[in-house]
Amino acid sequence: MEAAIEAQWLQALIDGLQSAQLALLRALHALGIVGDVHGQPAWPWAWRLSGDNLLIELGQARRLAAALAFVAFALLALAVAWAWRRGRWYLLATLPLAAITVPWPDASALRVPATPASFHVPPGLPSAAGVVRGQALYAQHCVQCHGTDGRGQGPQAASLAVWPPNLAGPLLWRRADGDLLWHLQHGLRDTQGRPTMPAFGDRLSDADAWALIDAMKAQAAGEMLRATGQWGRPVRLADAPVQCADGRTRPLSSWRGQRLRLVVAGQGTPPPPEDPRLVTVQVRPGDDPVAEGCVARTPEAWQALALLAGVDSPAGLQFIVDRDGYLRARSSPTRAGWSDDDLLCRSDAPPRSASTTAPADGLGALIARMDAQPVRFVKGGFIH
Ligand code: HEC
């Protein structure tokens, strides 16, 4: 319980740091003080404040919270002193005293190096078509150093001054998306300024680079699932067009706010019956008319699911996506039916409220656990 409360205020603090800097950047941009880079406002400083370290150094987080409380108190005291002439000097005298006693946070714990794109956000949700395009670009430009699985064992790796990092783990989630974009387009250097990874700005458009980032994350998700049996970081479902029996075409993301079950066609397995607790969409490439329900039928939808699940073919598998669009569960290839152990993207926290009515079946138990553990903070150390 204590940990949950701590997580809540820490998350508020980290979110606050991020939004305050973003607001500052937007204001500077609106005033024409900073320009654009890669299509979004450019962060003008070589540093930014990051909450990620606070997750490791809880003491610093407490200090920061105390310092912010002091700043709020000082502002209030100034406002009161303005209006209250007689008490003005007593009030103002408390400020330096308070300033001395406040445990100021260590600037080096909050400051991290920034790039001009640190606050850039991806142009949209990851799409299956983008993931597949990114996969092809990866095979063309990156595989010789980073290896097919992203673990950094490509044929050229051993000849490099710096060994490529393991992209198949949580690294991509630790970085700001905008920093990844910047590193792809402008390359990386060591502390002496010597290039360690080449720049791709002359070969990749920004859209290509974003597609690569989505593809690398999808690949890392599949590798994590293979290695540990879990999606250790929150993974978004790649969007894809869906055709419905009523003749309409709509994107998978249009069901945001509802739980989604993706049923990938397998050999001879009939699709499961509809269930009122979730929206069922079949995944089945082909162009025969859709007789009932809704079907995602682009080859990219199929391929993106294979990558996300770390398998050659997702045939016969089912996936459950939560109301926020995160992939949360994949059916067991060896066991029929669902259980709450199939939640593959989860925290170890106990469910928030112990429900008095036990769910009637495995799927109900899974949904209850998924709803009780929504995906929360994504950067840094907290997991969903
Ligand atoms: C010539 C070899 C080489 C090629 C080609 C290459 N990389 Fe790298 N990459 C590296 C090395 C070495 C590092 C580590 C550099 C460092 O930490 O200074 C790296 C680091 C990275 C990182 C981590 C960045 C970070 O923020 O820490 C990512 C992501 C990445 N590469 C993606 C790619 C992608 C995508 C491509 C293809 C478009 C690519 N790389 C092509 C060698 C390469």
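In each ligand, atom 1 is the first atom listed, and ligand 1 is the first ligand listed.
Of all heavy-atom pairs spanning Asp36 and Pro41, the tightest one is OD1-N, 3.5 Å.
The environment of Trp84 atom CH2 is sparse: at most 12 non-hydrogen atoms of other residues, nucleotides or ligands sit within 6.0 angstrom. Within 6.0 Å of the CG atom in Asp287, the count of heavy atoms belonging to other residues, nucleotides or ligands does not exceed 12.
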Between the protein and ligand 1, are there any N or O atom pairs that come within less than 3.5 Å of each other, and if so, what are their names and distances?
residue  : atom   : partner : partner atom : Å
ligand 1 : 7 (N)  : His146  : NE2          : 2.8
ligand 1 : 9 (N)  : His146  : NE2          : 2.9
ligand 1 : 18 (O) : Thr196  : OG1          : 2.7
ligand 1 : 26 (O) : Arg175  : NE           : 2.8
ligand 1 : 26 (O) : His183  : ND1          : 2.7
ligand 1 : 27 (O) : Arg175  : NE           : 2.9
ligand 1 : 27 (O) : Arg175  : NH2          : 3.0
ligand 1 : 31 (N) : His146  : NE2          : 2.8
ligand 1 : 40 (N) : His146  : NE2          : 2.7

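Between Phe70 and Trp104, the ring-plane angle classifies as perpendicular under the 30° and 60° cut-offs.
Here the two rings, on Trp182 and His38, have centers that are under 6.0 Å apart.
If you check the side chains of Gln192 and Arg194, you find a donor sitting under 3.5 Å from an acceptor.
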